[in-house]
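Just follow the structure's listing: the first ligand is 1, and inside any ligand the first atom is 1. Only a predicted model underlies this, so the values are computations on that prediction, with no experimental measurement involved.
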Amino acid sequence: MNKMKFQVGVIKGDGIGPEVVTEAQKVLNAIATKYGHEFDYKEILMGGCSIDATGEPLTDQAIADAKASDAVLMGSIGGNTQTSPWYKLPPEKRPEAGLLKLRKSLNLFANLRPAYLYKELREACPLREDIIGDGFDMMIMRELTGGLYFGARETKEVDGVMTAVDTLTYTEEEIRRIAKRGFDIAMKRRKKVTSVDKANVLDSSRLWRKIVEEVAADYPEVTYEHMLVDNCAMQLVKDPKQFDVILTENMFGDILSDEASMVTGSIGMLSSASLNDTKFGVYEPSGGSAPDIAGQGIANPIATILSAAMMLRYSFDLDREADAIEDAVKQVLAEGYRTIDIMPQENEKRSSVKQVGTKEMGDLIAARV
Ligand code: NAD
């Protein structure tokens with residue numbers, strides 16, 4: 001067995017962040033003990049807690065610490081946007097500015113969001129039984145630093161009429177690096193890529209298609225197809241089983257990843273990763289800091305625990321260890337343990353499961369690793 005040592009930056013963040021990250025570290029420690037690896041944790045401040053301590057949502061020192069790590073495990077940041085004093089600050093001083101600065105400083109251009117339906121949670125899926133079938137397991141790969149989000153924009157008066165312009169720009173290098181990432185991820189999965197665009201209308205999509213085809217030529221084992229984004233939005237609810245990796249640009253990915261996550265049920269189960277062109281990545285739950293339930297010990301830590309599994313798989317190449325975490329999560333669900341957010345809605349089904357808190361869920365998963 002190859003014993004390995006990794007430096008993990010840990011951003012606990014705000015709200016439920018510290019509670020769920022602590023449980024993910026517990027599970028990582030169980031992996032370290034079982035497989036003989038070593039995870040050295042370096043705590044990094046970001047978000048509201050950093051504002052309180054330093055006056056800034058993310059300091060240069062925090063960025064340097066993140067860069068010095070092999071990967072970063074993160075909770076969520078931010079507070080109640082109506083009542084927290086953090087939201088009286090100018091936008092560039094608020095918690096979320098820290099997150100944008102982190103993404104930019106670390107050049108995190110690839111966002112990965114898995115949508116996996118656990119058979120134990122299939123009643124949370126809003127789709128019909130015959131569509132769900134044996135469940136589905138897909139990965140949305142969204143370009144994160146280009147397209148409409150970062151193109152030039154302005155609002156001005158033209159001939160007496162207010163006119164707003166947003167620009168959608170992609171260079172071939174930007175498309176190539178995300179496409180390569182998408183095909184690399186597919187090689188670790190079921191080896192299928194669906195590249196989603198709007199090539200019947202947009203020039204940027206036509207370039208996207210051309211570059212994806214060039215990249216695909218280097219991955220003969222991967223089956224790939226092109227799909228128009230409007231069709232993809234339909235197919236996600238008509239036949240989600242067909243998808244393995246969905247590769248797409250920033251705006252389409254933003255919308256499709258939310259659609260895909262809704263068909264799996266709870267936000268408390270959804271992990272995510274943001275990667276750059278090295279092995280480095282930032283791994284975090286898809287949900288926010290849930291200030292409404294913070295400090296009550298009831299938050300679901302599974303999204304963060306599964307994010308830690310993604311870190312092992314994609315930054316550290318520890319596939320067997322990542323499988324061990326994912327299997328432990330499945331086992332705990334199969335044994336009937338549920339946090340409050342994934343409890344069945346109907347009373348008669350509630351008696352067949354056991355409600356547990358954040359810590360207990362972490363303990364159960366760590367023990368099954
Ligand atoms: P949210 O995701 O925090 O909460 C939405 C609902 O989902 C709430 O009812 C919450 O209790 C529930 N929920 C979320 N995660 C859960 C979990 N692990 N277990 C059980 N229930 C869970 O979204 P919001 O309320 O819109 O935002 C709250 C704060 O989080 C805001 O400050 C927002 O800016 C921030 N936010 C941060 C990130 C991030 O750090 N990447 C992402 C989204 C939102």
Inset, instruction - Quick one: sort the F6 and F39 rings into parallel, tilted or perpendicular, breaks at 30° and 60°. - result: parallel
Legend entry - Flag if over 12 foreign heavy atoms under 6.0 Å of NZ, K180: no
Legend entry - Step-by-step salt bridge (Lys or Arg N to Asp or Glu O under 4.0 Å) determination, D40 to K5: CA-CA 8 Å; D40 276 346; K5 186 173 173 177; 3.6 Å; yes
Legend entry - Shell of residues surrounding ligand 1, defined by a 4.0 angstrom heavy-atom cut-off that is strict: I16, S76, I77, G78, G79, T81, Y87, E96, L99, I267, G268, E284, G287, G288, S289, A290, P291, D292, I293, A299, N300, D341
Legend entry - Verdict with supporting geometry, K67 and D60, salt bridge (Lys or Arg N to Asp or Glu O under 4.0 Å): CA-CA 11 Å; K67 279 187 177 163; D60 291 343; over 6 Å; no
Inset, instruction - Check whether any side-chain heavy atom of V72 sits under 4.5 Å from a side-chain heavy atom of F280, and report yes or no. - result: yes
Inset, instruction - Using the six-membered ring of Y35, assess whether NZ or CZ of R320 lies under 6.0 Å from its centre and within 45 degrees of the ring axis. - result: no
